[in-house]
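Structure first, then comments.
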Amino acid sequence: MKNRPNRSSAVFRNWHLSSSVRSRPYAYGFSSADFSQAEPELWFPVVLSPALSHESSESLSKPELLRAHLYHLVYFMDYTTALEMTHVNQAINCMVSGDLERYFDEGERRTALKLYADEGYHALFSREIADQVASHFGLLRMKSARLERLDQVVRESPLEFRCLTRFCIAFVSETLITHELYKLSRESLVTPVAHMLSDHLHDEGRHAIFFSDCFARLWSQIAIREKDYIVQVIIQVLAVFGRPDIIFLHLVFKSRPDIGVKVADGLEANWVKRMPEISEMTLRAIQATDLLDDEIYFSKFNAAGLVF
Ligand SMILES: [Fe+2]
Ligand SMILES: [Fe+2]
């Protein structure tokens, strides 16, 4: 391990006073004035969606564009609720009382429980936002392809490595999400959406530090065959986070399938190129360990287009 400052315990020291669940007022209810906002960008910023920023989306009419943005918001919220419960908190379960417990000390396991509480709250307010918007605008709900693929990664993992697999998924998602939410929270948005994003981001900065430190902690203790496994799973999980969700795109562009096809083809052709950018925080955490000093591991990350 290249550096071992105890950043996690420092950033979680005031959790009882500063975490969203303990300190932020409930501000996620939509008023009729909120629902009357007709500017698509106020519901979901273009910067976060390669589909909405694709040049073909420019030919959508304003009502079509509004619906596309609303669909993105509900989809992202439903995804967040499920991810927090079925992946991040399952990984924390492994760290607190499962197969990974032995790699972490008592203080780290207690900090992990603070994250567990945070993620439960994020799951709740994301669900509340999604329910209100979907019901007001009559939007269909669907499970994201990313979640289907993450579930598959877990299902296909050997039982003895199940918790390691879960840890890799949480590590990748917790380091990527800060980047996503940060881009989102700088935009001007409908008030409850803005509150939800800023409250979520408020916690996730801490979570990214915690999972980066835990990754370094775990990496320094596991055996070679576990390291071989982790490297392969992290690359696999990063790809899951990069790949577009074609079924969702067909739903978003249902009224304009001609545009939907162009957007889907464009995203399918380009997602690998975007990988170094979206993986930046994860790669930074990996670079704090000696993982990439190993020639074979480096060549695997290099072959996946992640490092050069
Ligand atoms: Fe979260
Ligand atoms: Fe988190």
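Just so you know, ligand 1 is whichever comes first in the structure, and atom 1 is the first atom listed for that ligand.
Checked by atom type, the side-chain pair Asp228/Tyr297 shows a donor-acceptor distance below 3.5 Å.
By the criterion of a separation under 2.8 Å, the protein N/O/S atoms near the Fe ion (ligand 1) amount to Glu84 OE2, Glu119 OE1, His122 ND1, His200 NE2, Glu204 OE2.
Salt-bridge annotation for Glu268 and Arg243: absent, with no side-chain N of the basic residue lying under 4.0 Å from a carboxylate O of the acidic one. Salt bridge Asp203/Arg206: present, at least one basic N to carboxylate O contact under 4.0 Å. With respect to the salt-bridge test (charged N to carboxylate O, under 4.0 angstrom), the residues Asp99 and Arg162 do not qualify.
Stacking of Arg146 on the aromatic ring of Tyr79 is recorded, both the 6.0 Å distance cut-off and the 45° axial limit being met.
Taking the six-membered ring for Trp and thresholds of 30 and 60 degrees, Phe171 and Phe167 have nearly parallel ring planes, at less than 30 degrees apart.
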